[in-house]
Q: 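Encoded as structure tokens, here's the structure I'll be asking about.
Letters A, B, ... are given to chains in the order of the sequence lines, protein chains preceding strands, and every chain is numbered from 1.
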Protein chains: 2
Amino acid sequence: MKRVTIRNVAELAKVDFSTVSRILNSSFENHKYAEATIKRVKEAADKLGYYPSAPARAIRTGKTMLLGLIVADIGNPFFSVIASHLDNIIRDSKYRLVISSTNENPLRQEEHIDSMLSHRVDGLIVAPCGDNGFEKAYKTGVPLVTIDRPLPESGLPFVGLDNIAAGRLLAEKLNNYGYKSIGVVIPDEENDLTIQSRLKGLRSGLKGIDISIQWIVKVPHTSIKRNKVKIVLAEKFKTINNFPDAMVGMTNVCTIGILEALGDLEYNLNISPGLAGIDDFTGAHIVRPSVSVVSQPLEKIAFESFSLLKEIMNSDTNTVKNSNIRIPPLWIERMSLPPRK
Amino acid sequence: MKRVTIRNVAELAKVDFSTVSRILNSSFENHKYAEATIKRVKEAADKLGYYPSAPARAIRTGKTMLLGLIVADIGNPFFSVIASHLDNIIRDSKYRLVISSTNENPLRQEEHIDSMLSHRVDGLIVAPCGDNGFEKAYKTGVPLVTIDRPLPESGLPFVGLDNIAAGRLLAEKLNNYGYKSIGVVIPDEENDLTIQSRLKGLRSGLKGIDISIQWIVKVPHTSIKRNKVKIVLAEKFKTINNFPDAMVGMTNVCTIGILEALGDLEYNLNISPGLAGIDDFTGAHIVRPSVSVVSQPLEKIAFESFSLLKEIMNSDTNTVKNSNIRIPPLWIERMSLPPRK
DNA sequence: CTGAAAGCGCTTACAG
DNA sequence: CTGAAAGCGCTTACAG
């Protein structure tokens, strides 16, 4: 697969290959070419089907026009929607996205960071699972921003949901709509900062308000065994005499679990508790009742992370102070948490 | 951001830079290096945080280790799940994915193909929207396979669902479960080969069987205005005296529309028609009733498209004969199409 | 056991 | 108005 090069074009157009380079890049600083030459070169390039080689250019200019995106799973709508927004946002700036999934495996994360470094991406956005690989990345000086999950120890620039505000927003809705008692479902991962913050926000929002947390149950949180959540909750529900006014899930996996467990109990808003959660999920609007949620503004997260990355790319250092950007959550009103009479 | 090069490593290890290259690549054909040298080089590389430059290597070897994936929208679960499987499949072969979305815009598709060509991807997988850009791509000789939607005129290698078999599978289930009359919902895009094939399969499956198609309705099919589908169907339902035994959607957008329209009618399987569709969708299993569907084996599609691409990459020509690979559909039994008594 | 040299496809001072 | 030359960071015959 012999590719057409700048020399082939030069030959056909009968000019020096540096002329081709300048004409095709419109870099005419001290060079004014004759219209005829320009035309000849462009036609030759067209005729041969010439595409400038990005790798060759990269080696000279130091810019690959590639941006790396490392996430847990590009098949997960949360990440793929962010990727999609990023794709739209960077389109005009001629950047392209190299995307890899870690499957929540820190070793894979390190491999992928290494690989991105080898490919000389101009910038790197990663939703971390652990801190593997970041030190090496930092050492090279690649502009780098983390998203979704902060790595507070690292001091790395971060863009993600304001989880405390998310918890508080949930409390506010519960209060406004007249709910008096709630059950809370959380993942059983102990040290999860995200969950801690959301709970903290919820509790602080509830403070001084006449709403009681009747119980908190922890559920297994592997996306592989989603069924587990429902089973654990169904067990729990058997032991409950009277249900709280509402149940809330601190992640979408939790919320879906509640929905499924209630579904088996012939879920009906007239007799069953209200339901809401943090994090939207696909299907939330087609499910009955459709589920009201505190959601992450994914487009805003994508936008802010690219903005921050650009800022770092344009600065001479690879850190930017005060770059812990927290995006305010959004309430999506659907049917599962109606105002109470 | 001065990057560490092979020369820096060579300097520190006090060897020629060609020695560094060979040691780090383990290319010891006619070169046996002293253990001590090897160790010195590796340590130097480590100490400096050296990453071989993929672009520089690409310029010599002609391989970027980059694979291009162009889809309509990476935020759409259908494509993102394929991307995710591809990511897993290629991981070990050291390839990485450059991903771009066309948003169903043929001009964008062409831009993205051009861009992939510039980046010198070693192979290209695209879910086409029109044939823009393919001729140029073909001319360069990049190994190329199309997925999801065939471009029959082009003769390009293709991997995708066997749509006729999908329609037939639906008919088979309807028959096995004792349904006698159905209503069919299809997108209003006239020349869509995919839909035509599915309908053809459905009809051929129904032939000689005691099932009648009571009506076929066309609905607008823009993913932006999903609501439209429901509205059109709700209108239709008003004009129907007695419902068919079952309704089937020829795409997931159609099926979701049916579900929503029926939902407003207090959908209840005891009194309402059965429901099934072609193409799975996120939420199909949490919805009540959960929706039985004919689905596309996405992992298989990903696997086959990479296999085919590899085959083309390893051959000297960029076409492979008989490369119209049709993947058999899969029935996912859920609750919306129970056997009738 | 190791090195010196050519060259991949470009960009960009420098020169005329 | 245009070209000749150096060099980006590598790999790989060729030579010793």
Side-chain angles (χ1 to χ4, degrees), chain A residues 1-42 44-45 48-66 117-122 140, chain B residues 1-42 44-45 48-66 117-122 140:
Chain A
M1 195 175 50
K2 200 80 195 99
R3 289 285 175 75
V4 178
T5 78
I6 208 174
R7 280 169 217 273
N8 302 324
V9 178
E11 231 167 290
L12 183 61
K14 306 209 180 305
V15 292
D16 187 76
F17 71 94
S18 63
T19 300
V20 176
S21 171
R22 277 184 286 252
I23 286 177
L24 262 25
N25 289 312
S26 321
S27 54
F28 297 131
E29 262 136 89
N30 298 309
H31 287 257
K32 327 217 143 292
Y33 287 106
E35 276 309 322
T37 312
I38 293 179
K39 190 161 167 251
R40 220 169 349 115
V41 167
K42 286 192 170 162
L48 296 175
Y50 169 72
Y51 292 91
S53 161
R57 179 177 288 168
I59 220 182
R60 288 289 333 212
T61 63
K63 312 208 91 356
T64 54
M65 301 314 280
L66 256 22
L117 260 20
S118 248
H119 280 287
R120 299 291 192 261
V121 293
D122 292 337
T140 69
Chain B
M1 194 174 52
K2 200 80 196 105
R3 289 284 175 77
V4 178
T5 78
I6 208 174
R7 281 170 215 273
N8 300 324
V9 178
E11 232 167 288
L12 183 61
K14 305 210 179 303
V15 292
D16 186 77
F17 71 93
S18 64
T19 301
V20 176
S21 171
R22 277 184 285 253
I23 287 178
L24 263 25
N25 289 313
S26 318
S27 54
F28 297 130
E29 262 138 86
N30 298 309
H31 289 257
K32 328 219 145 291
Y33 287 106
E35 276 307 321
T37 312
I38 292 178
K39 191 162 165 252
R40 219 166 353 110
V41 166
K42 285 192 170 161
L48 295 176
Y50 169 72
Y51 293 91
S53 160
R57 179 177 288 168
I59 220 181
R60 287 290 333 213
T61 63
K63 312 207 91 359
T64 54
M65 301 314 279
L66 255 21
L117 259 19
S118 248
H119 280 288
R120 297 293 191 259
V121 293
D122 292 337
T140 68

Q: Looking only at heavy atoms, which two atoms of B/A10 and B/F17 are closest? And how far apart?
A: CB-CA, 3.6 Å

Q: For the residue pair B/Y50 and B/N8, establish whether any side-chain heavy-atom pair is separated by less than 4.5 Å.
A: no

Q: Which heavy-atom pair separates A/K42 from A/L24 by the least distance, and what is that distance?
A: CG-CD1, 4.4 Å

Q: Nearest nucleotide by nearest heavy atom, which residue falls closer to the 5' end of DNA chain D, A/R7 or A/T19?
A: A/T19

Q: More 5' along DNA chain C: A/P52 or B/T37, using each one's nearest nucleotide?
A: B/T37

Q: Shortest non-hydrogen contact from B/R3 to A/T140?
A: NE-O, 3.8 Å

Q: Let's test your reading of the pairing rules: Watson-Crick or G-U wobble, both distances under 3.5 Å, then write DNA chain C as a dot-bracket string with ( ), [ ], | and dots.
A: |||.||||||||.|||

Q: Give B/S21 one of three labels, base, sugar-phosphate or nothing, depending on what nucleic acid heavy atoms sit under 4.0 Å from its own.
A: base

Q: Write down the atom of A/V4, the atom of A/L48, and the distance for their closest heavy-atom approach.
A: CG2-O, 3.4 Å

Q: So what does B/T5 hit on the nucleic acid, given a heavy-atom distance under 4.0 Å: a base, only sugar-phosphate, or nothing?
A: sugar-phosphate

Q: If you find the nucleotide of DNA chain C closest to B/R60 and the one closest to B/Y33, which residue's nucleotide is nearer the 5' end?
A: B/Y33

Q: Here's a test of your reading of the structure: between B/S53 and B/R22, which maps to the more 5' nucleotide of DNA chain D?
A: B/S53

Q: Reading DNA chain C 5' to 3', which nucleotide is the first, and which the last, to come under 4.0 Å of any heavy atom in chain A?
A: C/dG9 to C/dC14

Q: Regarding A/S53 and A/R57, is there a side-chain donor-to-acceptor distance under 3.5 Å anywhere?
A: no

Q: Looking at B/I23 and B/I38, what are the two nearest heavy atoms and their distance?
A: CD1-CA, 3.7 Å

Q: If I compare all heavy atoms of B/V121 with all of B/T64, which pair ends up nearest, and what's the gap?
A: CA-OG1, 3.7 Å

